[in-house]
4 protein chains.
Amino acid sequence: MGTKALRWERRPDERPQEILDAALTVFAERGYRNTRLEDVGEAAGVTKGAIYHYFANKEALLLRAIEQRSEEAFGRIEEIVRDKTAPVSTRLRLVVRRWFGSVTKERLAVVTLLLQGIAHEAPDAFRRWLVGGPTASMRLIATLVREGQERGEFRPDADADVAARLLVSGLLQQTVWQQYAESVPDAGVEQERLVDSALELFLHSLRPSGRSGALRLKR
Amino acid sequence: MGTKALRWERRPDERPQEILDAALTVFAERGYRNTRLEDVGEAAGVTKGAIYHYFANKEALLLRAIEQRSEEAFGRIEEIVRDKTAPVSTRLRLVVRRWFGSVTKERLAVVTLLLQGIAHEAPDAFRRWLVGGPTASMRLIATLVREGQERGEFRPDADADVAARLLVSGLLQQTVWQQYAESVPDAGVEQERLVDSALELFLHSLRPSGRSGALRLKR
Amino acid sequence: MGTKALRWERRPDERPQEILDAALTVFAERGYRNTRLEDVGEAAGVTKGAIYHYFANKEALLLRAIEQRSEEAFGRIEEIVRDKTAPVSTRLRLVVRRWFGSVTKERLAVVTLLLQGIAHEAPDAFRRWLVGGPTASMRLIATLVREGQERGEFRPDADADVAARLLVSGLLQQTVWQQYAESVPDAGVEQERLVDSALELFLHSLRPSGRSGALRLKR
Amino acid sequence: MGTKALRWERRPDERPQEILDAALTVFAERGYRNTRLEDVGEAAGVTKGAIYHYFANKEALLLRAIEQRSEEAFGRIEEIVRDKTAPVSTRLRLVVRRWFGSVTKERLAVVTLLLQGIAHEAPDAFRRWLVGGPTASMRLIATLVREGQERGEFRPDADADVAARLLVSGLLQQTVWQQYAESVPDAGVEQERLVDSALELFLHSLRPSGRSGALRLKR
DNA sequence: CATGAATGAGGATTCATTCAT
DNA sequence: GATGAATGAATCCTCATTCAT
């Protein structure tokens, strides 16, 4: 009873969010199918029954969890991109750092879930994410690259699409694999170094061949 | 009846392999947990019971399916790497093309399964693959890059580890995502172009710059 | 509907006990292996799923059913045995009557289950019962017999161990076989007569003979 | 092939018997339901398929195994009983020794199977055995006892039926429990001593009260 | 709102039985 | 006759979902 009382101090309006957070974490940890609603409940500090007050069913829970977080994942960056005064390389750095620079536990969970836990459980959600997230990002980066090429900042013969793709999916994948760093020797690299080096390499791969590029890494 | 007759024309000694192939395909398509043994049986042209003649249980089936195929996935390439007469860039091209050049339906299935289907279902197998496959490949490529740096073929200030990582995981991920190309507009690029451009960009990112040493990464 | 309503009148806290009782009965009736959890559920007025709320699995159910009942089966009798003021024969009568005098439906079920239903299904439980139940009883009776021999109440040349064994296992077996009395002509004897006569014969077999010492058993 | 050749040296006409023997043993060891036909096959040196050449199905196998052996179990003793010249006690001794004196591995298997493995698997066979075996034996012994009572050899107030029952079922049960002697401390008594002492006690329990009986144990 | 007992469909697994070889 | 691959019914067990309290 004492315990129960304690639980009640949390505002009920936070419940749904708590459940979503818990779900995200647990799904990412154990996989969607391997997670019982009871597990989610436990992680959220409620019983499984309570979940049904806020979500129609397990799949709805998954969908909402993804939806909510995957939006923030590849969020507001339009301004950065639109600011044509800055050199493309600078804008690229900003964008990529915004996306991959700091990976909180929560964001890692979403990405993991989306990248390896969902394709078969919620194919539509997965596709939607693919379109709205990675693919959009890749397209945006490709656009920036092309702008750089037009401006003469990047070499014109580079394959902008493939460059963008490799950068984004490489970084995504690596970010997820970091989690296995302990058990897989050599799998891990610091996220900071990962992003910095990735950007450096990326920009170098676009640098005009002969003359020296304008590489300045100040951050 | 006709069906039954047909079935008997296949030699029983091929059964295990047929089942493994079927399992791989179906697992990759629908996900391990979403696949009933009966589905595998159906795909292999037998009933679920028959599967138990050859495999102890569902997990053993999964494990064997992975094991068998993932071996061939990142196979013999030592010779290429050891051949110090050729320039490093040439050897890198050979190695990467060997791995990602032609992706058969079967290989695609394994990779898909491994990349997004089993991290939670068979964590050990997943880790083993990570170690034996991608990580080993990345290490190998990183080694080659360093060799190129020592030889002066590549610029010395590039981050070999990150470069290798991005290349391998980027290509892997893209290869898997190809499968969603139809439903995700713009997601797809021909595998050939993907690999060629990736290599071109990769090598360009390592090319010595006109000026040298503008960038120093910790480590 | 009516049935459903009825079901809710029973208090949920009695469920586990109801299930145990049902299990005991059904197991004894049809045998452990021949009983589906669904049968137990039916007998207890719940569905199989409900059983899993209270018991981890079928074996745990069996074990608990045995455990609970077999405890009471050969219960507290120490006092009787210790009371050295009464003649041994009196104490023996009390003890045996306590054990075999009144056999309720439930106790019969346990004994049946233990005697012919589970030696192969739960060998450990069976052995534990053998040790804690029959064997302990036999030992206790043998001890009493020896006491009687020392006191001169019984003839000293009787084999106390075998006497105890025959009495206990004979009574047990007969008790179980009573159940087949209808279909096996002549198999049955009233339990009352069985116990009374058994005691009479038992005590008579230990009574000092006129002449003494005609027989010496090794040991 | 060499192995196969060897197997063929056994005469095929012995097959059924070999299978029956194997079945009996394995059934008694592991229980009927816990035994797969493959196990029986293995024990008999054939494959499960072969069993179906000789027996319609698993139950038929069980039935035949029981039938064959349970006949010999309580076999020819009529002559002994009919020989009215010998004292009843002598005839009783002969009969009981014939039944329980030497228990071969095979006979133990039958008894075990019948006593604790079968009641639920083949109730009819079990009942038939109960009637033809133990019950018949008990009846026969009871008859002998009554004869002894009429002749004045035994005390007339003893309960012949119960005496016979206890003797037979006690001995049966003990014989089966011998098998657990190792794991159940104190459970075991040598079969020889068991039978001798049982007889001694049995006869003593029937001895006329006052005067001394004619107990002679020569064997 | 929350609980947790109860339900029942779904799927893994076992194994008696069949049958082509 | 014998083999052993294949079948499929049977049953344990899990867990999403419902609902009385």
Side-chain angles (χ1 to χ4, degrees), chain A residues 4 7-8 12-13 15 33-41 45-61, chain B residues 4-5 7-13 15-16 33-41 44-59 61, chain C residues 4-5 7-13 15-16 33-41 44-61, chain D residues 4 7-8 12-13 15-16 33-41 45-61:
Chain A
K4 229 168 193 173
R7 194 180 293 153
W8 287 110
D13 18 328
R15 247 340 111 68
R33 291 294 302 263
N34 290 332
T35 303
R36 294 170 304 162
L37 279 200
E38 213 168 344
D39 298 331
V40 175
V46 292
T47 55
K48 63 179 169 349
I51 299 177
Y52 283 89
H53 277 288
Y54 303 103
F55 305 94
N57 52 40
K58 196 182 177 186
E59 201 188 343
L61 179 61
Chain B
K4 222 165 197 173
R7 191 178 300 153
W8 290 113
E9 292 176 20
R10 288 184 323 216
R11 312 263 303 293
D13 12 335
R15 255 326 117 70
R33 287 295 300 268
N34 291 332
T35 304
R36 294 171 303 161
L37 261 297
E38 213 167 345
D39 297 332
V40 175
V46 293
T47 56
K48 63 185 166 10
I51 301 177
Y52 285 90
H53 267 285
Y54 303 102
F55 306 94
N57 52 40
K58 197 182 175 184
E59 201 187 341
L61 179 61
Chain C
K4 224 165 197 173
R7 190 179 299 155
W8 291 112
E9 294 175 20
R10 288 183 322 215
R11 313 263 302 294
D13 12 335
R15 251 332 113 70
R33 288 295 301 268
N34 292 330
T35 304
R36 292 170 306 161
L37 262 297
E38 213 168 346
D39 298 331
V40 175
V46 293
T47 55
K48 63 183 165 16
I51 301 176
Y52 285 91
H53 267 285
Y54 303 103
F55 305 94
N57 51 42
K58 196 181 176 185
E59 200 186 343
L61 179 61
Chain D
K4 226 167 194 173
R7 193 181 293 152
W8 288 110
D13 19 328
R15 246 341 111 68
R33 289 295 300 263
N34 290 331
T35 304
R36 294 170 304 161
L37 279 200
E38 213 168 345
D39 298 330
V40 175
V46 291
T47 55
K48 63 180 171 345
I51 299 177
Y52 283 89
H53 277 288
Y54 304 103
F55 305 95
N57 52 40
K58 196 183 178 185
E59 201 187 344
L61 178 61

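Residue numbers begin at 1 in each chain, while the letters A, B, ... track the order of the sequences.
Considering only side-chain N and O atoms, Arg15(D) lies under 4.0 angstrom from the phosphate OP1 or OP2 of dA2(F). The shortest distance between the side-chain N/O atoms of Tyr54(A) and the OP1/OP2 oxygens of dA2(E) is below 4.0 Å.
Across Tyr54(B) and Pro16(B), no two heavy atoms sit closer than the pair CD2-CG, 3.6 Å. Of all heavy-atom pairs between Asn34(C) and Asp39(C), the closest is O-OD2, 4.1 Å. When all heavy atoms of Asn57(A) and Tyr52(A) are compared, the pair lying nearest together is CA-CE2, 4.0 Å.
Of the inter-residue distances, the one linking His53(D) atom NE2 with Ile51(D) atom CD1 reads 11.0 Å to the nearest 0.5 angstrom.
Look at CD on Glu59(B): it is 13 Å from C1' on dA12(E), rounded to the nearest Å. In this entry the distance linking CZ of Phe55(A) with P of dA2(E) reads 12 Å, nearest Å. When rounded to the nearest whole Å, the span between CD of Glu38(C) and P of dA10(F) equals 12 Å. Distance Leu61(D) CG to dT17(E) P: 10 Å, rounded to the nearest Å. Between the CZ atom of Arg36(B) and the P atom of dT13(E) there is a distance of 14 Å, given to the nearest Å. One can place CG of Asn34(B) at 14 Å from C1' of dA16(F), the figure rounded to the nearest angstrom. A straight line from CD1 of Ile51(D) to P of dA16(E) spans 9 Å, rounded to a whole angstrom.
Spacing between dC1(E) and dT21(F) at atom C1', rounded to whole Å, works out to 13 Å.
Of the possible donor and acceptor atoms, one in the side chain of Lys58(B) sits under 3.5 Å from a partner among the backbone N and O of Thr35(B).
When distances are taken from the side chain of Lys48(B) to each of dA9(F), dT17(F), dG11(E), the shortest belongs to dA9(F). Relative to the side chain of Tyr52(A), the nucleotides dT7(E), dT17(F), dG4(F) differ in distance, and dT17(F) lies closest. Here dA2(F) is the nucleotide among dA2(F), dC1(E), dT17(F) with the atom lying nearest to any side-chain atom of His53(D). You'll find that the side chain of Lys58(A) is closest to dA16(F), out of dG8(F), dA16(F), dT14(E).
Using the Watson-Crick or G-U wobble rule with both distances under 3.5 Å, dA20(E) pairs with dT3(F).
Between Leu37(B) and Gly49(D), the one whose closest nucleotide on DNA chain E sits nearer the 5' end is Leu37(B).
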